[in-house]
There are 2 protein chains.
Amino acid sequence: MLSNASKYAILSTLYLAEHSNEERKISVKEIAENIDIPSPFLAKLFQQLVRGKIISSTKGPHGGFYLSEKNKKKNVLDIIDNIDGLNKLNGCFLGLNECDSTNPCPVHYIVVPFKNNILEKFRDITIMEFAQEISDKGTFLAINNIDPSLDGPAE
Amino acid sequence: MLSNASKYAILSTLYLAEHSNEERKISVKEIAENIDIPSPFLAKLFQQLVRGKIISSTKGPHGGFYLSEKNKKKNVLDIIDNIDGLNKLNGCFLGLNECDSTNPCPVHYIVVPFKNNILEKFRDITIMEFAQEISDKGTFLAINNIDPSLDGPAE
DNA sequence: TTATTAAAGGATAAAAAGGTCCTTTATTAT
DNA sequence: ATAATAAAGGACCTTTTTATCCTTTAATAA
């Protein structure tokens, strides 16, 4: 549903929202180590997010990435759009060509409300508000790199 | 969330459920044409599903694939498990390492109920019951191969 | 003005997913 | 028996995703 690239981009941008500002810029290296993702890959993603005006950067000593006030008002869907495009999130869960309320796939009425919920969340809440939620809850933003065969079921 | 492989496998197995039985076996070619997926790829998937005892096959003239009575009692989750493994369906939507009710990601409480719903549906309904639903509704089982950039939003 | 720092950019590589082709094996009808 | 049919199996190819490396550019501080 989301590519690794998008997930990395979302988590890293949320990290920026929590830890950076115009005065305190953060290097790719610091973020990559904290989120536990490959830093050259993140560098590429950040290049793209800068071009897309989702995040900001400056070069040189004390340079790095940060969110401008404008950036902070972007939302998570902007990140997904910038990295994956929005179409990965749309489309029938079972891949059906014609799947709508007229010709619904067997999971249509389970999937559509979920999609609407998550799209609403990603579209209506700014990155800064998202980050605020995370910091309120003390959520630990580290990616899951361990062997997926060890995962337990969702609770 | 589901690979193309899994989607192909699900739709093709549902096609079998609807159109085959021990007397009337169906070739890869017929199914691939009807669902509109690449037939050599489907042949591989079906090989694997046969090995996994999800579907049945016989070689030679009037041979092909079909569902035995035992096969018909399998459920969709068996197909997904056989092709993708179950872990693609589990795991945090944002890729977080520790994401549970103690340390929920920002979309945890949107994603978990959805996952439970869809897992329940995939686990508790047999392939035959699934197929019955489809045939009752007259759902058209054809894959979406058109350019996804042309897709409209989910309704 | 030079050394240092950190992102930008381009080229490339590795891995996974998706897809194809060809030969072998089993079945069945003639 | 033999020819025809259709799956099984193995090898291979292509595209996409993920990831790395190296050089260049911009900013800053000494």
Side-chain angles (χ1 to χ4, degrees), chain A residues 1-9 11-12 16 20 22-33 35-67 80 83-85 87-88 95 143-145 147-149, chain B residues 1-9 12 16 20 22-33 35-66 80 83-85 87-88 95 143-145 147-149:
Chain A
M1 217 129 178
L2 293 182
S3 65
N4 281 351
S6 263
K7 290 175 188 170
Y8 294 174
L11 298 179
S12 300
L16 280 186
S20 83
E22 317 246 358
E23 278 72 51
R24 162 146 169 71
K25 291 154 192 172
I26 303 184
S27 71
V28 161
K29 197 162 160 287
E30 175 184 336
I31 299 171
E33 279 169 4
I35 314 272
D36 193 19
I37 56 182
S39 77
F41 191 47
L42 179 59
K44 286 294 167 203
L45 296 173
F46 267 11
Q47 267 183 43
Q48 198 177 326
L49 291 174
V50 170
R51 281 195 296 263
K53 302 198 190 303
I54 317 282
I55 69 176
S56 304
S57 69
T58 51
K59 297 178 177 179
H62 303 114
F65 296 92
Y66 64 99
L67 297 190
I80 297 172
I83 301 291
D84 279 349
N87 298 302
K88 241 173 231 173
I143 207 77
N144 177 12
N145 287 318
D147 184 350
S149 64
Chain B
M1 217 129 181
L2 294 182
S3 65
N4 280 351
S6 264
K7 291 175 188 171
Y8 294 175
S12 299
L16 279 187
S20 83
E22 317 247 358
E23 278 72 51
R24 161 147 170 71
K25 291 155 192 169
I26 304 185
S27 70
V28 161
K29 198 163 159 286
E30 176 186 333
I31 298 171
E33 279 168 5
I35 314 272
D36 193 18
I37 56 182
S39 76
F41 191 46
L42 178 59
K44 286 294 166 206
L45 296 173
F46 267 11
Q47 267 183 42
Q48 198 176 326
L49 291 174
V50 169
R51 282 194 296 262
K53 303 197 191 303
I54 318 282
I55 67 177
S56 304
S57 69
T58 51
K59 296 179 179 181
H62 302 115
F65 296 92
Y66 64 99
I80 297 171
I83 302 290
D84 279 348
N87 298 302
K88 239 174 232 174
I143 208 78
N144 177 13
N145 287 317
D147 183 350
S149 64

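By convention in this document, chain letters (A, B, ...) are assigned in the order of the sequence lines, proteins followed by strands, and residues within each chain are numbered from 1.
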Practice task
Report yes if at least one side-chain N or O of B/Tyr8 is closer than 4.0 Å to OP1 or OP2 of C/dG19; otherwise report no.
Solution key: yes
Exercise for the section: Provide, to the nearest angstrom, the distance between the CG atom belonging to A/Leu2 and the C1' atom belonging to D/dT18. Expected result: 16 Å
Problem - Interatomic distance where CG belongs to A/Leu42 and P belongs to C/dA7 [whole Å] - result: 10 Å
Handout entry: Distance, rounded to the nearest Å, where B/Asn4 contributes CG and D/dT17 contributes P
Key = 11 Å
Exercise for the section: Consider only side-chain N and O atoms of A/Ser20 and A/Lys25, and report whether a donor and an acceptor are under 3.5 Å apart. Expected result: no
Handout entry: Atom-pair distance (CZ on A/Phe46; P on C/dG9), nearest Å
Key = 15 Å
Exercise for the section: Would you mind classifying the nucleic acid contact of A/Ala5 as base, sugar-phosphate or nothing, using non-hydrogen atoms under 4.0 angstrom? Expected result: sugar-phosphate
Completion exercise
Comparing A/Arg51 with A/Gly63, nearest DNA chain C nucleotide closer to 5' gives the residue A/Gly63
Handout entry: Most 5' of A/Ala43 and B/Ser3 on DNA chain C, judged by nearest nucleotide
Key = A/Ala43
Exercise for the section: Classify the nucleic acid contact of A/Ile26 as base, sugar-phosphate or nothing, counting any heavy atom under 4.0 Å across all strands shown. Expected result: sugar-phosphate
Practice task
Output the single nucleotide from D/dT5, C/dG19, C/dT25 whose closest atom is nearest the side chain of B/Lys59.
Solution key: C/dT25
Exercise for the section: Select base, sugar-phosphate, or nothing to describe what A/Lys25 touches, counting heavy atoms under 4.0 Å on all strands. Expected result: nothing
For residues 45-54 of chain B, please give each side-chain donor-acceptor pair under 3.5 Å, one per line with the distance, not counting sequence neighbours.
residue : atom : partner : partner atom : Å
B/Gln48 : NE2  : B/Asn82 : O            : 2.8

Handout entry: Flag side-chain contact, heavy atom, 4.5 Å: A/Tyr66 against A/Arg24
Key = no
Problem - Shortest side-chain distance from A/Phe41, nucleotide among D/dA19, D/dA7, C/dA7 - result: D/dA19
Exercise for the section: Find out whether B/Tyr8 and B/Pro38 are in side-chain contact, i.e. whether some heavy atom of one side chain is under 4.5 Å from a heavy atom of the other. Expected result: yes
Handout entry: Interatomic distance, A/Glu30 CD vs C/dT5 C1' [rounded to whole Å]
Key = 15 Å
Practice task
Go through the N and O atoms of the side chain of B/Lys44 and the base of C/dG18, and report whether any donor-acceptor pair is under 3.5 Å.
Solution key: no
Practice task
Would you mind telling me which of D/dA29, D/dC21, C/dT20 lies closest to the side-chain atoms of B/Pro40?
Solution key: C/dT20
Practice task
Classify the nucleic acid contact of B/Pro38 as base, sugar-phosphate or nothing, counting any heavy atom under 4.0 Å across all strands shown.
Solution key: sugar-phosphate
Practice task
With the side chain counted from C-beta on, respond yes when B/Val28 and B/Phe65 share a heavy-atom pair under 4.5 Å apart, and no when they do not.
Solution key: yes
Practice task
For B/Phe65, answer base if it contacts any base atom (sugar-phosphate contacts may also be present), sugar-phosphate if it contacts only those atoms, and nothing otherwise; contact means non-hydrogen atoms under 4.0 Å.
Solution key: sugar-phosphate
Practice task
Classify the nucleic acid contact of B/Lys29 as base, sugar-phosphate or nothing, counting any heavy atom under 4.0 Å across all strands shown.
Solution key: nothing
Exercise for the section: Please check the phosphate of D/dT17 (OP1 and OP2 only) for any side-chain N or O of A/Lys88 closer than 4.0 Å. Expected result: yes
Practice task
Send over the distance from A/Lys53 NZ to C/dA8 P, rounded to a whole Å.
Solution key: 12 Å
Problem - Interatomic distance where CD1 belongs to B/Ile31 and C1' belongs to D/dA7 [whole Å] - result: 12 Å
Exercise for the section: For A/Ser39, report the nucleic acid contact type (base, sugar-phosphate, nothing); a contact means any heavy atom under 4.0 Å. Expected result: nothing
Practice task
Specify the separation, in whole Å, of atom CD of A/Gln47 and atom P of C/dA7.
Solution key: 10 Å
Handout entry: D/dA8 OP1/OP2 closer than 4.0 Å to side-chain N/O of B/Ser57
Key = yes
Practice task
Would you check if A/Phe41 and A/Ile37 make a side-chain contact, meaning some heavy-atom pair closer than 4.5 Å?
Solution key: no
